[in-house]
Amino acid sequence: MAPEYVAYKLNITVDSVFNSSSEEENKLWKMMENKAYMSGKSLELNCVNTKSRKPNVILSKMDKESLLIQVTTKRVGKQGASGRIYLFFFKDGEIDKVVSESWIN
């Protein structure tokens, strides 16, 4: 999700994120480096239809115009979990773009 965030904020393609290095880009990478994504508001989700126990969601505000939502849908004891992560970009109070991908840990 980090390359998508940087690309959106700088209005460049995701591919060009890896081919350039500007001061503005470095500031964004540093900001994400120091962000505790798992420290957002955690909620139990009853609306997710899944066989796992207690699916949940963590809401993390990236900045004034971006929201990261991590949905845990499967758990394997204390060893790990998996789910889907969504990155919402807002413009003028409306959703401008949504990026989504699966995750596992």
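Side chains included, hydrogens not; waters and symmetry mates left out as well; all remaining heavy atoms used. In this chain, numbering begins with 1 at the start of the sequence shown.
- Annotation: side chain of Val14 is not in contact with side chain of Tyr8 (no heavy-atom distance under 4.5 Å).
- Of all the heavy atoms in Ser66 and Phe89, the pair that sits closest is OG-CD2, 3.5 Å.
- By the rule that hydrophobic residues join a cluster once side-chain heavy atoms approach within less than 4.5 Å of another member, Phe18 and Leu28 end up as members of separate clusters.
- Distance check: Leu10 CG to Ser22 OG gives 5.5 Å after rounding to the nearest 0.5 Å.
- When side chains are defined from C-beta on, Glu65 does not count as touching Asp96, because their heavy atoms never get closer than 4.5 Å.
- In this structure, Trp103 and Ile85 approach most closely via the heavy-atom pair CD1-N, 3.6 Å.
- Scanning both residues, Ser102 and Arg84, for their nearest heavy atoms gives OG-NH1, 2.6 Å.
- Note: the hydrophobic cluster containing Val71 does not contain Ile104 (ILVMFWY, side chain heavy atoms under 4.5 Å, direct or indirect links).
- Connection of Ile12 to Met31 is established within a shared hydrophobic cluster, with ILVMFWY side chains joined at heavy-atom distances below 4.5 Å, either directly or through further cluster members.
- No side-chain heavy atom of Gln70 sits under 4.5 Å from any side-chain heavy atom of Ser60.
- The distance from the CG atom of Leu68 to the CD1 atom of Ile58 is 9.5 Å, given to the nearest 0.5 Å.
- At a threshold of 4.5 Å between non-hydrogen side-chain atoms, the residues Val99 and Tyr86 do not count as touching.
- We find the CZ-NZ distance between Phe90 and Lys64 to be 15.0 Å, quoted to the nearest 0.5 Å.
- Side-chain contact between Tyr5 and Asp63 is present, with at least one heavy-atom pair separated by less than 4.5 Å.
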